[in-house]
**Student:** 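Mind having a look at this structure? Questions to follow.
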Amino acid sequence: MSLLAQASDEAARYRAYGPRHIDDIAARYGLDDASRETVRLISMVLPFRVNEYVLEQLIDWQRLPDDPMYQLVFPQKGMLNTEDEKRLAVLADQRDAAAKRELRETVRDIRARLNPHPSGQMSLNKPSQNGVELPGLQHKYRETVLYFPGQGQTCHAYCTYCFRWAQFVGDADLKFSAPDPSGLITYLGEHPEINDVLVTGGDPMIMTTDRLRTHIEPLLGVDTLQTIRIGTKSVAYWPQRFTTDQDADDVLRLFEQVIASGKNLAVMAHFSHPRELSTDIARRAISRIKSTGALVYCQAPLIAHVNDDATAWRDMWKTELALGAVPYYMFVERDTGPHDYFKVPLAKAAGIFQEAYRQLPGLARTVRGPVMSATPGKVAVDGIQDTAEGRYFQLRMLQARNPALVGRPFRALYSDTAAWVDELELDPATDLDIAEAFLGSAAARLHSAGPAENTHS
Ligand SMILES: *Cc1c(COP(=O)(O)O)cnc(C)c1O
Ligand code: SF4
């Protein structure tokens, strides 16, 4: 019996499937040979992980290869360039040691060209104590610190667009994670201005409840802390985490305990497509989370082939509202991994956002976007402006390393193709402090990328 068939007998128990299960998956769902070969080759370079729930309930196998859930999780032709894919194909079938070595080198070389660490400036936001860096913390905005628990650095399935992909293929250091919250607790003691901890990953909900508790419970005694957020894709990829998993009830008790301590608990749920909200079990998961007093906020990046149409966002945001969750951020995808495959130009992104936003009831217009999480802060593209001097993107700082810049509008010259802030040119009349935040000088070009912070899950 195949590995998969065994697993399906106990569908409710989480088990990760990866590249070595692709033949079984192909046989079970009638994946054609070309698609199977694509997964086999591309998953040598990019991470691939799926599970029973995603396979059975989210992917529409009748709609391959365009199905958004299939695109979300399965590696696709076009994610690597044709020459690279050919090279992999030739090398992958050879058995001798020299070819195997060359294959490893090729994989490393392709990964290196996919901008695996869009994080050149990670050191900017890394707190330290007595000159020693505190692992697993990122402090970029005055009131919020990101916390990466060491055992939460993986996910129930992997998004093909994941900007933490290098970590999942073992390419990025896991120094980026904290073994326990002692460093965080000390840091919070020294920084009473922080009232918000965002526990993130990977996905913290991959941890057992007992493990998660060791990271959360110590925070409850920190008086200056008002809010604990948990960034997670689990409601989309494995809602069983909150319903039928062995410790699902325990996790709800933990959430209740957070609320009972007087703190706010927000589950920052990553939903990429309305289908993820369509299953009974996902809806039950949201309802159970909310029953603890926790709030559910929703966010996702805008991704070509997955959700680059206004109807998908409108339906998603409306459904979120109907389920009592709060639409929060639409992100612009970062420049890493198969970015050329997924990227959506800012002009198109702004159009999609506005078209969807216009059709929302007021209570769902809590959502903001499209937002770029760049070095100086979170930059929203508020729209396109036609003026006597020409066309501009109207931009706004939603978050900023420099708190004085929060809320400040500014603009950049319009471009049809720019897909990230570093491809934009600031309006020469931009305030000096905004221009400086982007470049560290008053020059007019915006500066690129930021830390590989996980803001959308
Ligand atoms: C987005 C983000 C936050 C949270 O910002 P909010 O606007 O409060 O949601 C915190 N830290 C980093 C690094 C972020 O990117
Ligand atoms: S985008 Fe988020 S949920 Fe998806 S694989 Fe990456 S870390 Fe996990």
Side-chain angles (χ1 to χ4, degrees), residues 16 46-51 54 69 72-73 75 118-119 121-122 124-127 137-148 152-169 172 176-177 194-206 226-238 264 266 268-273 276 295 297-301 303 306 326 328-334 336-338 342 366-369 371-380 396-401 403 406-407 449-457:
L46 297 169
F48 167 58
R49 172 184 276 194
V50 66
N51 66 55
V54 174
M69 290 296 107
L72 176 64
V73 176
S119 52
Q121 306 180 42
M122 224 147 70
L124 273 179
N125 309 310
K126 275 194 170 169
L137 296 187
Q138 226 187 89
H139 188 194
K140 183 170 178 180
Y141 306 131
R142 186 177 52 195
E143 60 283 351
T144 308
V145 68
L146 305 194
Y147 176 57
F148 299 79
Q153 298 309 310
T154 183
C155 302
H156 289 99
Y158 291 148
C159 311
T160 36
Y161 59 67
C162 181
F163 52 86
R164 304 291 309 273
W165 65 273
Q167 173 180 312
F168 298 145
V169 294
F176 206 50
S177 66
I194 299 173
N195 39 52
D196 184 339
V197 169
L198 172 47
V199 186
T200 183
D203 193 328
M205 295 311 302
I206 199 87
Q226 271 160 26
T227 298
I228 298 171
R229 305 194 219 183
I230 300 177
T232 185
K233 180 88 185 165
S234 58
V235 188
Y237 279 162
W238 191 252
N264 212 2
M268 309 302 291
H270 173 187
F271 292 114
S272 313
H273 192 275
E276 296 168 332
L295 300 167
Y297 288 80
C298 306
Q299 51 192 26
I303 303 287
V306 173
V326 185
Y328 191 53
Y329 276 137
M330 172 204 267
F331 291 113
V332 177
E333 179 62 353
R334 284 167 175 280
T336 180
F342 286 127
T366 46
V367 73
R368 293 167 303 169
V371 180
M372 290 173 278
S373 211
T375 303
K378 280 199 171 67
V379 180
R396 184 165 46 112
M397 301 290 282
L398 293 181
Q399 271 290 14
R401 290 170 55 83
V406 174
E453 72 232 18
N454 187 346
T455 50
H456 56 250
S457 88

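When a ligand or atom number is given, it counts from 1 through the structure's own listing order. Position 1 is the first residue of the sequence, and the numbers go up from there. These figures come from a predicted structure and were not determined experimentally.
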**Student:** Using a 4.0 Å heavy-atom cut-off, which part of Arg229 comes near ligand 1: side chain, backbone, both, or neither?
**Tutor:**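 Side chain only.
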**Student:** Is Leu146 in contact with ligand 1, taking contact as a heavy-atom separation below 4.0 Å?
**Tutor:**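 Yes, that is the case, since the closest heavy atom of the residue is under 4.0 Å from the ligand.
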**Student:** Which of the atoms of ligand 2 are close to His270, meaning less than 4.0 Å from one of its heavy atoms?
**Tutor:**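 Every atom of ligand 2 under 4.0 Å from some heavy atom of His270: 1 (S), 2 (Fe), 3 (S).
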**Student:** Atom 6 (Fe) of ligand 2 and Cys162: any N/O/S contact shorter than 2.8 Å?
**Tutor:**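 True for Cys162.
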**Student:** Hey, does Trp165 sit under 4.0 Å from ligand 2 if you only count heavy atoms?
**Tutor:**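 No, that is not the case, since the closest heavy atom of the residue is not under 4.0 Å from the ligand.
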**Student:** Take His270 and Asp203, measure what side chain to side chain contact (heavy atoms under 4.5 Å, CB included) needs, and give me the verdict at the end.
**Tutor:** CA-CA 10 Å; His270 173 187; Asp203 193 328; over 6 Å; no
**Student:** Under a 4.0 angstrom heavy-atom cut-off, which atoms of ligand 1 come close to Gln399?
**Tutor:**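 This gives 5 (O), 6 (P), 7 (O), 8 (O) as the contact atoms.
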**Student:** For atom 15 (O) of ligand 1, state which one of His139, Lys378, Gln138 supplies the nearest heavy atom.
**Tutor:**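 Comparing heavy atoms across His139, Lys378, Gln138, the nearest one to atom 15 (O) of ligand 1 lies in Lys378.
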**Student:** Check each atom of ligand 2 against the heavy atoms of Cys155 and keep those under 4.0 Å away; list them by number with element.
**Tutor:**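 The list of qualifying atoms is 3 (S), 5 (S), 7 (S), 8 (Fe).
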**Student:** Going by the order shown, which atoms of ligand 1 are within less than 4.0 Å of some heavy atom of Tyr328?
**Tutor:**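 Taking each heavy atom of Tyr328 in turn, ligand 1 has 6 (P), 7 (O), 8 (O), 9 (O) under 4.0 Å.
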**Student:** Could you tell me, atom by atom, which parts of ligand 1 come under 4.0 Å of a heavy atom of Ser373?
**Tutor:**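 Reading through ligand 1 atom by atom, the close ones are 15 (O).
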**Student:** Rounded to the nearest 0.5 Å, what separates atom CZ in Phe168 from atom CG in Leu46?
**Tutor:**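 That separation rounds to 12.5 Å.
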**Student:** Which bit of Cys159 gets closer than 4.0 Å to ligand 2, counting heavy atoms only: side chain, backbone, both or neither?
**Tutor:**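 For Cys159, the contact with ligand 2 is made by both the backbone and the side chain.
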**Student:** With heavy-atom distances below 4.0 Å as the criterion, list the atoms of ligand 1 near Tyr329.
**Tutor:**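 In order of number, 6 (P), 7 (O), 9 (O).
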**Student:** Any N/O of Thr144 closer than 3.5 Å to an N/O of ligand 1?
**Tutor:**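 No; the residue has no nitrogen or oxygen that sits under 3.5 Å from a nitrogen or oxygen of the ligand.
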**Student:** Give the ring-plane orientation class for His156 versus Trp238, where under 30° counts as parallel, over 60° as perpendicular and anything between as tilted.
**Tutor:**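 It falls in the parallel class, under 30°.
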